[in-house]
Amino acid sequence: VRPDGALVDTPAPGIYLYPGHVETVVHGLGQALTTLLGTDLQRSLRTPPVIARSIIERAGYHESFPHLLGRVTTQAGSGMPAESDLVLLPAGCYCVYPLYADTRLTSATELSVEATCFRQEGSAEMGRLRSFRMREFVWIGPGEQCLSWRDRCLSAVRGWLTDLGLTTETAVASDPFFGAGSRLIRQLQIEQGLKIEILATVGKGQIQAVASGNYHKDQFGRLFAIFDHTGNITHSACLAFGYERLVLALIHRHGDDPNRWPGRVRDMLRLGALA
Ligand code: AMP
Ligand code: ZN
């Protein structure tokens, strides 16, 4: 068990078991996020931890982040082991774009996705997992509205995190969904503020992004041929939360026994009466 008692180590770095009290908090966070951001959802989906390899290839993830992608090998019949048609899901929103591929949306669309994600991270410091859970809200529609949706959400989320007792800061980050790119392209993306992270302390001296707001411009609209009601390639944005990091930040702030967290925080996460 880690020093803070939250995540239970396994022999594989970055892979943990979750005790019941952590699950209770994850559940409470999920419900609270639905209340905060999920009032206007067309769909609310849960994805399995794998996704069609063809989708990840269409999105270009395998070229931008070959080192993070977990591939699946299977052996059919008496044949040789071969790469399967699936890969491990690296982020929740990849399962959304194919739902609208080659279509024209009649109005802006907002969805929620709960995902178990895998990334072959190079280190396993506090809060950097290889298998972790992500909640995403995805907004698909015209560009200016994407940006204002994202920024409205980010400010609501910061207020919510403050109410939960967490001290946060925001940082403009360079951007995974466009790939590694050249330094110049990365710099341009930073200047355009396409990816904004909300950072919190998740362990002693360890600050991590607990949420990220991404404006993809027309990247996924183009790759998946999604059009908006005016017939233009659609833009998209997503807001992603890392459940384990949120739990770690709460435990770092309020202690490892959720029964002893402040009443207000317990109420916000509907943790129920003290056991
Ligand atoms: P990203 O797609 O990198 O912006 O990730 C979305 C959110 O998932 C981040 O804001 C984190 O809260 C969470 N996350 C990303 N990578 C990890 C990881 N290796 N371990 C735990 N949570 C992560
Ligand atoms: Zn996303």
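Read the numbers this way: they start at 1 and go in the same order the structure lists the ligands and their atoms. Heavy-atom basis, side chains included; hydrogens, waters and symmetry copies ignored.
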- request: Using distance alone, determine whether E121 and ligand 1 share an N or O pair under 3.5 Å.
  value: yes
Here the gap from L161 atom CG to R158 atom CZ, rounded to the nearest 0.5 Å, amounts to 8.5 Å
Quick note on ligand 1: atoms under 4.0 Å from a heavy atom of G127 include exactly 20 (N), 21 (C)
| said: I'd like to check whether F241 has a polar contact with ligand 1, where a contact means an N/O of the residue lying under 3.5 Å from an N/O of the ligand. | reply: no
**Prompt:** Are any of the N or O atoms of A209 closer than 3.5 Å to those of ligand 1?
**Reply:** yes
Discussion item. Could you walk me through whether E244 and Y16 satisfy the side-chain contact (heavy atoms from CB on, under 4.5 Å) test, starting with their C-alpha distance in whole Å, then the side-chain angles of each, then the deciding distance to 0.1 Å, before giving a yes or no?
Written reply: CA-CA 10 Å; E244 289 85 358; Y16 303 97; over 6 Å; no
Assigning hydrophobic clusters by single linkage (Ile, Leu, Val, Met, Phe, Trp, Tyr; side-chain heavy-atom cutoff under 4.5 Å), is L69 placed with F220?
yes
Notebook entry, point to check: Of the backbone and side-chain N, O or S atoms of C238, does one lie nearer to the Zn ion (ligand 2) than 2.8 Å?
Noted result: yes
query: Is there a donor-acceptor pair under 3.5 Å between the side chain of Q42 and the backbone N or O of T109?
result: no
Between the CZ atom in R245 and the CZ atom in R128, the distance rounded to the nearest 0.5 Å is 5.5 Å
Quiz item: ligand 1 and G242, any nitrogen or oxygen pair closer than 3.5 angstrom?
Solution: yes
The atom of E136 among N, O or S that is nearest the Zn ion (ligand 2) is OE1
Quick look: C117 vs ligand 1, heavy-atom contacts under 4.0 Å, and the answer is neither
Ligand 1 atoms nearer than 4.0 angstrom to some heavy atom of A211 are 10 (O), 12 (O)
Rounded to the nearest 0.5 Å, the CZ atom of F241 sits from the CG atom of L36 at a distance of 7.0 Å
Nearest heavy atom to atom 8 (O) of ligand 1, choosing from M134, R245, M126, R119, belongs to M134
Practice prompt. Answer yes or no for R58 and Y97: cation-pi contact, defined as NZ/CZ to six-membered ring centre under 6.0 Å and angle to ring axis within 45°.
Written response: no
In I198, L154, V157, the residue satisfying side chain to side chain contact (heavy atoms under 4.5 Å, CB included) with T170 is I198
Near V210 (heavy-atom distance under 4.0 Å), the atoms of ligand 1 are 10 (O), 12 (O)
Contact region, Q208 to ligand 1, non-hydrogen atoms below 4.0 Å, reads neither
The reported gap from OH in Y61 to CD1 in I55 (rounded to nearest 0.5 angstrom) is 14.5 Å
Counting from 1 in the order shown, the ligand 1 atoms closer than 4.0 Å to a non-hydrogen atom of K195 are 1 (P), 4 (O)
**Asked** Would you say the side chain of V72 lies within less than 4.5 Å of the side chain of L88, judging by non-hydrogen atoms?
**Response** yes
At the 4.0 Å heavy-atom cut-off, does E197 count as touching ligand 1? no
Checking heavy atoms under 4.0 Å, the part of L129 that sits near ligand 1 is both
Quick check on A91 - does any of its heavy atoms sit under 4.0 Å from an atom of ligand 1? no
Q. Should N214 be counted as touching ligand 1, given the test is an N or O pair under 3.5 Å?
A. no
Tightest non-hydrogen contact, residues M134 and R119, listed as CE-NH2, 3.5 Å
- Query: Would one find an N or O of S212, backbone or side chain, under 3.5 Å from an N or O of ligand 1?
  - Reply: yes
(message) Check this for me - ligand 1, F132, N or O atoms closer than 3.5 angstrom, yes or no?
(response) no
In short, A115 meets L89 closest at the heavy-atom pair CB-CD2, 3.7 Å
